[in-house]
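Worksheet for the structure shown next.
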2 protein chains.
Amino acid sequence: MKNNDRKEQIVKTAAQLFREKGYNAVSMRDLAKDLGIKAASLYNHISSKEAILAEVILSTARDFTEHIDNTFLEEKSSVKKLEEIIESHIDLTIEKANFVACLNNDWMHLEEKNLNDYIKMRNHYESTLRKIIIKGMNLHEIEPQNPELILFSLLSTLRTLYLWYPKNKHIEKSVLSKELKNNLLKGIITI
Amino acid sequence: MKNNDRKEQIVKTAAQLFREKGYNAVSMRDLAKDLGIKAASLYNHISSKEAILAEVILSTARDFTEHIDNTFLEEKSSVKKLEEIIESHIDLTIEKANFVACLNNDWMHLEEKNLNDYIKMRNHYESTLRKIIIKGMNLHEIEPQNPELILFSLLSTLRTLYLWYPKNKHIEKSVLSKELKNNLLKGIITI
DNA sequence: CTACAAAACTAACAATTGTTAGTTTGTTTT
DNA sequence: AAAACAAACTAACAATTGTTAGTTTTGTAG
């Protein structure tokens, strides 16, 4: 029976270090030290440093992709779908903040193949979200505006939740979820 | 007469490279090559690699600080002040996108003194913005909500404008400005 | 034309990088 | 007990890193 625990442990520790210092500032010796072993021993479990990064980023990108694909297919209003998407970002950020941070900050250090796969998934994600927004606009659920702008302002907030959440752990998830939806969808000023 | 042109040129080129690849992935030889000289020659103009990073980041942080300090002192409504802050982010992003990107991505690679200065400025910026939001809430200009959440969702969008602007250069600045204010302050869904 | 300073160069350094080869240790299976 | 395997180790490699010392080139002011 192959032992995957060690590999998972390596990837998880790497994600934390990458998040703190950035991919290029973390050496294999740093990573090994945190795990209590020597750098060379890492190679019994992983094939390269970049392979660790790819595992961190691509697995997380797949999580996001899966969520939005499911949401897209549902028979619900666009606004309801946007709420579900907000929810999924909160969930994934809470569940694996270091992975999400790493995806946001270090994707450009992926090489050829992996970089391509990542960008493909990101494009797919954005274009799915764009479709939801445009459909909502056509059905008058969403104010007529430049859809790119809505896409951007929504995503920029959701993508950087990881920067904010650890500082505000005291907020209940349900409260965060409710207020964020309100904030992002209904705006913040009094009418 | 001391020639600062070369130094400015180095800092500007560095900002571009840092933005593309991240601080640690850019070597002094890479930077020199882009300028058409040898790495050692850089040291006739700058004292260290980190000093370049500090120049890029701290000068930009000072720009942002100056803007918000001015806005804070004005005799206007909080909503009007928020609109001005949005405007200043757009302006600075257009004017020096690479610098802003660098500030966002590479600040953690500053050392001791410079890191401290940066964090101090960032804290000052956030607390000034927080004051504006809370005042607006007390005067019923802004919906009662967790002010941290408004602070976060606003800043996350404004801070990552640099990711989005180059892809959408065709949008007029005045249009961008107007729609972004609408979007961030009034929300996106139909009431 | 000379003198001087600014800014380029070459060569080298010590440290650190990711990775490999070969070996030892410890555990599980037969 | 023997054999097989996983997972650690030591030692070393070639490449790259930021930076320094010392030298040469270039442009300008007297």
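Proteins come first, then strands; the chains are lettered A, B, ... in the order of their sequence lines, and each starts at number 1.
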Round to a whole Å and report the spacing from CG of A:D5 to P of D:dA8.
12 Å
Without decimals, in angstroms, what is the distance between A:L42 CG and D:dA8 P?
9 Å
Ignoring the backbone of A:Y43, work out which of C:dA8, D:dC9, C:dT19 is nearest its side chain.
C:dT19
Give the rounded distance in Å between these two atoms: NZ of B:K33 and P of C:dA8.
17 Å
By nearest-heavy-atom nucleotide on DNA chain C, the more 5' of A:S47 and B:A39 is B:A39
Salt bridge check, B:R130 against B:E148: does any charged N sit closer than 4.0 Å to a carboxylate O?
yes
Residues A:K135, A:E141: salt bridge by 4.0 Å N-O rule
no
On the side chain of B:N44, is there an atom forming a donor-acceptor pair with the base of C:dA6 - under 3.5 Å, no angle test?
no
First of A:R29 and A:G36 reached from the 5' end of DNA chain D, by closest nucleotide:
A:G36
Considering every strand and a 4.0 Å limit on heavy-atom distances, what is the contact class for A:S27: base, sugar-phosphate, or nothing?
sugar-phosphate
Rounded to whole Å, please give me the gap between CG in A:N24 and P in C:dT16.
17 Å
Hey, is the side chain of A:R6 poking within less than 4.0 Å of OP1 or OP2 on D:dA8, counting only N and O atoms?
yes
Ignoring backbone atoms, establish whether A:H45 has a side-chain N or O less than 4.0 Å from OP1 or OP2 of D:dA6.
no
Roughly, in whole Å, what's the span from CD1 in B:I37 to P in D:dT26?
15 Å
In whole angstrom, what separates A:M28's CE from D:dC9's P?
14 Å
The side-chain contact (heavy atoms from CB on, under 4.5 Å) partner of A:F18 among A:N24, A:I52, A:T13, A:N105 is A:I52
Does A:K96 make a cation-pi contact with A:Y162, if we ask for NZ or CZ under 6.0 Å from the ring centre and within 45° of the axis?
no
Side-chain atoms of A:K38 come closest, of C:dA8, C:dT19, D:dT10, to D:dT10
A:I52 has an atom CD1; how far is it from atom C1' of C:dT19, in whole Å?
12 Å
If you measure from the Lys or Arg side-chain nitrogens to the Asp or Glu carboxylate oxygens, is any gap between B:R159 and B:E126 under 4.0 Å?
yes
How long is the line joining CG of A:L35 and P of D:dA7, in whole Å?
14 Å
Phosphate oxygens OP1/OP2 of C:dG18: is one of them under 4.0 Å from a side-chain N or O of A:K49?
yes
